[in-house]
Amino acid sequence: MASQFQHFDVVIIGGGPSGATAADDLVKQGKKVLLVDKQTRIKPCGGAIPVCVLKEFDLPESILVAKISSARMVAPSNKTVVMPVTGGFVGMVDRESFDEWLRERAASHGATRLRAEFIGVKRSETGQLRIHVQEMDAPAYQAETVISCDLLIGADGANSKVAELCIPQRRARKYVYAYHEIVELPKEQSKSFDGAQCDVWYQSDLSPDFYGWVFPHGTTASIGVGTGHKGFSIRAATKLLRERCGLSDAKMIRREGAPIPLRPLDRWDNGKDVVLAGDAAGVVAPASGEGIYYAMLGGRLAADAGLAFLRSGQARELKTARRRFMSAHGRVFWVLNILQYFWYCSDKRREGFVKMCRDPDVQRLTWEGYLHKKLVRGNPMAHLRVFYKDTMQLLGLATHT
Ligand SMILES: Cc1cc2nc3c(=O)[nH]c(=O)nc-3n(C[C@H](O)[C@H](O)[C@H](O)COP(=O)(O)OP(=O)(O)OC[C@H]3O[C@@H](n4cnc5c(N)ncnc54)[C@H](O)[C@@H]3O)c2cc1C
């Protein structure tokens, strides 16, 4: 029997990097796709992406607002280590235009966009998905819109309602709360500010368990901190960071915060017809808080899994999204989790961590891993040396200079 509701092969909730990537991939495979986003605010984000994102997701360089050629690590003692970026660059994006560009690309290939808030899911008598949304531009008296679909992708971010309603979890989510201020950079060049360099601050009064950052975005900068400690004032810490980097008087354009999920959920699908991607699935890298690349990859893997499911009708295909992600990046997430746990827990350890960043092997492996998302296989001795030095630092056996 024909449905009274408009039908799509796939409805995607969330038009951030994960949802927009999934929409683009699916529509290019001939699927009828609805991309739903409430678009009530700009996603709070430092905007740093590794160079490999451009190639892997076919993005033009013009999407970047700045190219970063070095990172300066600041220790609790204020000693600094500058790590020149080798083998590429770190790109900076402005999330307002970046997300919109991704959504529009999907639309230009045939996806339908809808500015609406996802409210919930019901099922028809035959078990088909009925997605309930409230259209943002509709008059207040208008009732919810109902859409029918064969597959639902939840790409609705760290507080995913799709995950909450459709995919019960065994463990609670693990978050870092992050806050930043976007400020206008002074016109005259400041000695304390380099527009091609990221600053990463490891000091306990800025963050007791994560870090603070200053990321240049061309004419503006993102200045912020993250922490998992609920009682810690991230606003006061950001004020302090602005003082330390000489940008206290810079004009504030906006300020905003959001949780960053730091643990992949145990389940990404409901065993039937719903799958998660990106922050909704909990995939932001521990220690760095990097989520854009992993969100886009998650969107792509959800799209691949969804296509296989739509073709075969086999719900087990949806499991491949998580399986493929964890097999490519699970080990890196595990290592970064340990790194965060050991090195970010006291100023003494943070001092050791920044000192370790002076090591050319550490720098090379860091940039190769971050920029290209590949483990460095060519030089096992470098891994061994880094592992040895890490262990000595951890045990307090390394000599401090
Ligand atoms: C302060 C901060 C700084 C960060 N800095 C960086 C960085 O420098 N580099 C980096 O790689 N990562 C960074 N991250 C992480 C990164 O922003 C996220 O990992 C990434 O945005 C995840 O993409 P996503 O598409 O999964 O989710 P999101 O980008 O959160 O997109 C989710 C979308 O869903 C929509 N949505 C939510 N609920 C509903 C609903 N009920 N109905 C309809 N639509 C809905 C939202 O409007 C949003 O557009 C940072 C995060 C924070 C909070």
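Remember, it's 1-based here, ligands and their atoms both numbered in the order they're listed.
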(request) Give a yes/no on ligand 1: does K43 have at least one heavy atom closer than 4.0 angstrom to it? (result) yes
(message) If you measure every N or O of P17 against every N or O of ligand 1, does any of those distances drop under 3.5 Å?
(response) yes
(message) If you take the centroid of each ring, where Trp contributes its six-membered ring, are Y294 and F333 closer together than 6.0 Å?
(response) yes
(message) Please work out, at 4.0 Å between heavy atoms, whether the side chain, the backbone, both, or neither of V284 comes within that distance of ligand 1.
(response) side chain
(request) Show your reasoning for whether side chain to side chain donor-acceptor pair (under 3.5 Å) applies to S70 and Q197. (result) CA-CA 5 Å; S70 63; Q197 181 170 277; 2.9 Å; yes
(message) Out of A22, C45, S160, who is nearest to atom 6 (C) of ligand 1 when you count heavy atoms only?
(response) C45
(message) If the threshold is 4.0 Å, N to carboxylate O, is there a salt bridge linking K373 and E290?
(response) yes
(message) Could you work out, for atom 29 (O) of ligand 1, the closest of R95, M136, M296 by heavy-atom distance?
(response) R95
(message) Show me which atoms of ligand 1 lie under 4.0 Å from any heavy atom of D279.
(response) 18 (C), 19 (O), 20 (C), 22 (C), 26 (O)
(request) Check each of P259, G46, G154, G14 against atom 34 (O) of ligand 1 and report the one with the nearest heavy atom. (result) G14
(request) Determine whether the side chain, the backbone, both or neither of I260 has a heavy atom under 4.0 Å from any heavy atom of ligand 1. (result) side chain
(request) Would you check if the distance from the ring center of F353 to the ring center of Y344 is below 6.0 Å? (result) yes
(message) Suppose I only count heavy atoms of S18 and a 4.0 Å limit; which atoms of ligand 1 are within that range?
(response) 24 (P), 25 (O), 26 (O)
(request) Check each heavy atom of A116 against ligand 1 and say whether those closer than 4.0 Å belong to the side chain, the backbone, both or neither. (result) backbone
(message) With a 6.0 Å cut-off on the ring centroids, do F325 and W268 count as close?
(response) yes
(message) As a check for students: among A48, G91, G157, identify the option with a heavy atom nearest to atom 9 (N) of ligand 1.
(response) A48
(request) Check F215 against ligand 1 and report side chain, backbone, both or neither, counting heavy atoms closer than 4.0 Å. (result) side chain
(request) Pick out which of D199, L241, I182 makes a side chain to side chain contact (heavy atoms under 4.5 Å, CB included) with I223. (result) L241
(request) Mind checking whether E290 contacts ligand 1 via backbone (N, CA, C, O), side chain (CB onward), both or neither, at a 4.0 Å heavy-atom cut-off? (result) both
(request) Taking R349 for its side chain and W343 for its backbone only, find out whether a donor-acceptor pair lies under 3.5 Å. (result) no
(request) Measure the acute angle between the ring planes of Y202 and Y211, then classify it against the limits of 30° and 60° as parallel, tilted or perpendicular. (result) tilted
(request) Hey, could you give me the CG/CG distance between D25 and L301, rounded to the nearest 0.5 Å? (result) 9.5 Å
